[in-house]
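First up is the structure itself, then whatever we jot down about it.
Note that ligands are numbered from 1 as they come in the structure, with each ligand's atoms numbered from 1 the same way.
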Amino acid sequence: MALYSRVSGFVGLITLQNPPVNALSAAVRQGIVDMVERALGDPNVKSVVICGQNGNFCGGADIKEFGTNMSGPPLVPMIDAIEAANKPVVAAIEGSALGGGLELALGCHYRIAHSKARLGLPEVTLGLLPAAGGTQRLPRLVGVPAALNLITTGRHVTATQALQLGIVDQVTDHNAVDVAVKFSLSVAGQSLDARRISTYPCPLPSDSDALFEGVMQKVRQRAHGAIAPVACVQAVRAAATLPYSKGMEREQELMATLFTSGQARAQQYCFFAQRAVGRWRMPSGARWDTSKPRPVHKAAVIGLGTMGRGITVALAQTGLSVVAVETQEKQLMEAKQAVSGMLERGAKRHGVAPTLDRISYSQNIHAVAEVDLVIEAVFEDMALKTEVFQQLSAVCKPGTLLCTNTSALDVDKLASKMPNPELVVGMHFFAPAHVMKLLEVVYGPRSSPQAVATAMQLGKKMGKVSVAVGNCRGFVGNRMLMPYLQQAFFLLEEGATPELVDRALEEFGFPMGVFRMSDLSGLDVGWRVRKRDELVEPDMASGQSARIRQGSRYSPLGDLLCEQGRFGQKTGRGWYQYDKPGSRVARSDPWLHSFLVEYRARHGLVPRSIDQQEVLERCLYALINEGFRILEDGIAAGPEDIDVIYVFGYGWPKHRGGPMFYAGMVGLAKVLERLEHYQQAHPDVPYLQPCSLLRRLVASGSPPIHRWREAIKKRQSQL
Ligand SMILES: CCCCCCCCCCCCC[C@H](O)CC(=O)SCCNC(=O)CCNC(=O)[C@H](O)C(C)(C)COP(=O)(O)OP(=O)(O)OC[C@H]1O[C@@H](n2cnc3c(N)ncnc32)[C@H](O)[C@@H]1OP(=O)(O)O
């Protein structure tokens with residue numbers, strides 16, 4: 001709703017009231033319509049100020065309403081009526097003015113923002129476009145290039161940046177509502193003709209066709225198949241080429257297509273899923289709202305390889321004091337230089353001072369005696385990690401949280417060797433750790449709720465999307481990756497090429513297909529793991545029996561490439577070839593194709609034609625099947641946790657909502673039917689055996705994704 005009061009004698013103050021972000025629900029829109037009418041009809045009112053309750057202007061349209069039968073007054077005529085008012089209307093912007101919130105402000109005659117406010121049109125991130133006049137008013141106000149940038153990226157700007165762009169008229173450090181009230185009186189009675197943005201001509205650059213074509217090309221490249229960014233460019237182009245009323249028609253038309261699209265549903269699901277994972281719970285019953293995190297002021301990182309360096313940077317950028325420990329002198333010197341470089345570049349990008357003095361470096365583990373939390377990032381070796389943890393428990397003050405950045409080792413086994421296993425959790429960062437948004441917080445049966453709460457809170461402070469997951473081989477993300485990679489290898493054996501597989505996955509929306517991705521991360525990483533698992537057999541025979549390991553089908557293709565020293569980009573050769581080691585442009589490699597031909601012949605494999613549909617079904621459904629197993633095992637609390645992990649850590653396209661959401665969109669019965677089909681064709685591949693949770697969900701009529709947790713809980717309570 002909206003509150004109305006008269007302040008300073010002659011100012012009608014309208015306060016949006018819908019905690020926590022004053023989203024424009026039907027009740028709020030009705031309130032604004034009614035209160036604007038009241039203010040304009042009151043002869044004692046000379047000017048109007050619109051603000052939001054609790055220091056927050058407005059977070060935009062109420063996204064929760066989108067899936068419902070929307071009622072109440074529509075936004076466009078409401079904003080048009082404000083703009084047409086004959087008394088000055090001033091938006092007092094505190095907190096955020098986003099989406100419909102900024103569009104409301106653009107309908108006002110003046111905008112005054114608090115210096116800490118943030119503004120933006122993030123609709124594109126929800127699979128939409130700013131459809132309350134945003135695509136038509138913003139380019140008229142700030143010009144086409146700046147509007148295109150803001151609308152197609154959805155990025156937020158600070159109040160100062162908004163002032164520079166011309167979005168707001170004034171920025172203040174004082175109470176924005178008080179300043180706006182005073183200001184509105186100072187302009188009362190003046191002509192408003194020049195203040196109605198919809199009447200402005202749209203300033204056009206000289207070669208606007210070239211501009212739009214260039215932007216469209218870039219946007220399509222970045223979008224990986226998402227339709228909203230493309231529609232945003234089309235809508236802004238309408239602002240540049242059509243009169244306002246026609247441009248508005250185009251905006252509405254484009255919005256109608258997006259609004260009902262599966263992509264918008266997927267992206268809005270991601271918005272709520274990202275928030276839902278913060279409300280974590282453990283199988284023990286411990287939960288986010290009953291577990292108090294410990295304060296962390298000082299942290300340590302042990303081991304300054306690639307991961308340790310990234311984690312050090314991320315901690316320092318969060319404002320923590322960091323002790324960075326590396327026992328090898330040469331490695332320490334290199335790390336110091338690399339960390340300083342990363343901090344300096346980051347600071348330059350954000351226009352702030354680098355935080356180099358927050359880090360102290362040491363070769364001695366005793367330097368961590370006073371820290372509140374340690375993140376160990378030494379080589380992936382259980383014996384080494386155990387030794388480091390034992391040293392840490394002897395050196396650290398009582399209660400220090402001990403976190404391991406392992407990506408694969410058993411966190412509980414590590415904890416079991418410690419005198420205080422309740423203080424041990426996994427913090428699985430993704431490379432580069434100062435850039436990637438995802439953090440898996442891994443708890444074992446002994447981890448205390450306080451330890452989990454502390455790691456989750458620290459992750460949030462570091463700007464990560466933190467997801468609490470149970471302890472198992474590969475946790476959630478890497479565990480699901482195994483069947484995905486395995487299917488990709490099998491497809492090569494059966495007749496596909498890396499190019500075909502990658503093209504299918506990239507057209508689906510992944511920024512990189514599985515083979516280009518393995519070349520980037522290094523083929524030797526998986527090779528080491530497979531060797532440790534005793535899967536690699538150096539002296540390889542031929543025939544089918546040579547491709548069975550531990551009773552299941554196995555493809556040694558990756559091992560054979562590694563034996564040739566083909567580790568991917570870093571060696572200039574992998575599944576593709578590169579101009580030189582370290583170069584990034586993957587080119588098709590005739591050697592690899594001949595190698596595949598020779599390999600298939602040696603093993604009696606008759607190549608067949610494989611289409612993109614099969615690539616997608618086998619790679620993605622095998623991965624999804626493992627996701628259902630993870631849910632069944634209680635390793636992830638719900639499908640949202642898995643989806644957030646895949647969207648933020650593994651490049652799953654957001655406009656497809658994450659693997660579990662995608663399974664729901666495809667239809668669980670269809671996923672099951674295809675898995676059964678492939679399992680019959682490949683009975684020696686356990687990953688293709690449909691998970692019993694998937695079968696049960698299908699048997700119970702394939703409930704919508706928000707009801708899967710009930711099915712899982714019911715099952716777990718029966719066990
Ligand atoms: C045939 C069909 C024809 C169809 C025609 C269609 C016509 C429809 C016309 C509609 C016109 C709409 C036009 C408009 O342009 C569209 C929009 O405005 S879309 C919304 C744009 N806004 C956003 O994207 C902002 C989203 N919010 C945020 O970014 C952040 O929440 C924040 C505001 C920066 C605050 O961040 P935090 O302080 O960190 O808080 P949280 O993020 O944790 O949020 C707290 C709480 O609030 C919930 N929430 C936030 N924003 C909204 C919202 N806009 N609507 C509903 N709920 C919101 C959030 O989910 C949290 O709650 P929780 O999930 O934890 O319960």
Measure from the side-chain N and O atoms of D62 to the backbone N and O of L24, and report whether any donor-acceptor pair falls under 3.5 Å.
no

Is ligand 1 under 4.0 Å from a heavy atom in the side chain of Q252, in the backbone, in both, or in neither?
neither

With side chains defined as the heavy atoms from C-beta onward, is the minimum distance between V469 and I630 less than 4.5 Å?
no

In terms of atom number and element, which parts of ligand 1 are under 4.0 angstrom from non-hydrogen atoms of P130?
15 (O)

W652 and F508 aromatic ring geometry - parallel, tilted or perpendicular at 30°/60° bounds:
perpendicular

I'd like to know whether T454 forms a side chain to side chain donor-acceptor pair (under 3.5 Å) with Q457, so could you lay out the CA-CA distance, the side-chain angles of the two residues, the decisive distance to 0.1 Å, and finally the verdict.
CA-CA 5 Å; T454 307; Q457 195 193 50; over 6 Å; no

Which pair of non-hydrogen atoms, one from C232 and one from T152, has the smallest distance, and what is that distance?
CB-CG2, 4.1 Å

Here the pair of heavy atoms bringing L697 nearest to P703 is O-CD, 3.5 Å

Looking only at heavy atoms, is any part of L126 under 4.0 Å from ligand 1, and if so is it the side chain, the backbone, or both, or is it neither?
side chain

What about E103: any of its N or O atoms under 3.5 Å from an N or O on ligand 1?
yes

Got the closest protein heavy atom to atom 25 (C) of ligand 1, with its distance?
G59 O, 3.3 Å

Heavy-atom nearest neighbour in the protein, as seen from atom 29 (O) of ligand 1, with distance rounded to 0.1 Å
L98 CD1, 3.9 Å

When distances are taken from atom 57 (N) of ligand 1, the protein heavy atom at minimum range is K64 NZ, 3.9 Å

Sidechain N-carboxylate O distance under 4.0 Å for R137, D80:
yes

Which is closest to atom 66 (O) of ligand 1 by heavy-atom distance: R279, E253, R275?
R279

Do F271 and ligand 1 have an N or O pair less than 3.5 Å apart?
no

Polar atom proximity, A61 to ligand 1 (N or O, under 3.5 Å)
yes

Compare every heavy atom of K460 with every heavy atom of S466, then report the nearest pair and how far apart it is.
OG-N, 3.6 Å

Tell me whether atom 18 (O) of ligand 1 lies less than 4.0 Å from at least one protein heavy-atom position.
yes

Between T153 (side chain only) and R155 (backbone N and O only), is there a donor and an acceptor less than 3.5 Å apart?
yes

List the steps, then state whether side chain to side chain donor-acceptor pair (under 3.5 Å) holds for E251 with T135.
CA-CA 7 Å; E251 182 187 274; T135 66; 2.6 Å; yes

Which atoms of ligand 1 have any heavy atom of G60 under 4.0 Å away?
18 (O)

Is the side chain of N22 donor-acceptor paired with the backbone N or O of N18 at a distance under 3.5 Å, no angle test?
yes

Within 45° of the ring axis of Y200 and under 6.0 Å from its six-membered ring centre, is that where the NZ or CZ of R196 lies?
no

Which label fits Y646 and Y650: parallel for a plane angle under 30°, tilted from 30 to 60°, or perpendicular past 60°?
parallel

Show which atoms of ligand 1 fall inside a sub-4.0 Å distance from at least one heavy-atom site of G99.
18 (O), 21 (C)

Relative to the heavy atoms of D62, which atoms of ligand 1 are at a distance of less than 4.0 Å?
55 (N), 56 (C)

So, for atom 41 (P) of ligand 1, does the protein have a heavy atom nearer than 4.0 Å?
yes

Ignoring hydrogens and angles, tell me if any N or O in the side chain of T318 forms a donor-acceptor pair with the backbone of L320 under 3.5 Å.
no

Any protein heavy atom under 4.0 Å from atom 55 (N) of ligand 1?
yes

In ligand 1, the atoms that come under 4.0 Å of a heavy atom of A131 are 13 (C), 15 (O)

Give the C-alpha distance, both sets of side-chain angles, the deciding distance and a yes or no for side chain to side chain donor-acceptor pair (under 3.5 Å) between E83 and S198.
CA-CA 8 Å; E83 192 187 63; S198 72; 2.6 Å; yes

Spell out, as yes or no, whether a donor-acceptor pair under 3.5 Å connects the side chain of Q263 to the backbone of I227.
yes

Please report whether atom 47 (O) of ligand 1 has a protein non-hydrogen atom at a separation of less than 4.0 Å.
yes

Heavy atom of the protein closest to atom 1 (C) of ligand 1 (residue, atom name, distance):
T260 CG2, 4.3 Å

Are any of the N/O atoms in I63 less than 3.5 Å from those in ligand 1?
yes

E123 versus ligand 1: do any nitrogen or oxygen atoms come within less than 3.5 Å of each other?
yes

Heavy atom under 4.0 Å from ligand 1: found in R118's side chain, backbone, both, or neither?
neither

Give me the nearest non-hydrogen protein atom to atom 45 (C) of ligand 1 as residue plus atom name, then the distance to 0.1 Å.
P20 CG, 3.8 Å

When you measure from atom 35 (C) of ligand 1 to every protein heavy atom, which one gives the shortest distance, and what is it?
V21 CG1, 4.1 Å

Which option wins on minimum heavy-atom distance to atom 10 (C) of ligand 1: Q268, M255, Q267, K460?
M255

Residue selection (non-hydrogen contact nearest atom 6 (C) of ligand 1) among F259, F66, F272:
F259

Please work out whether any backbone atom (N, CA, C, O) or any side-chain heavy atom from C-beta onward of A23 is under 4.0 Å from ligand 1, and answer side chain, backbone, both or neither.
side chain

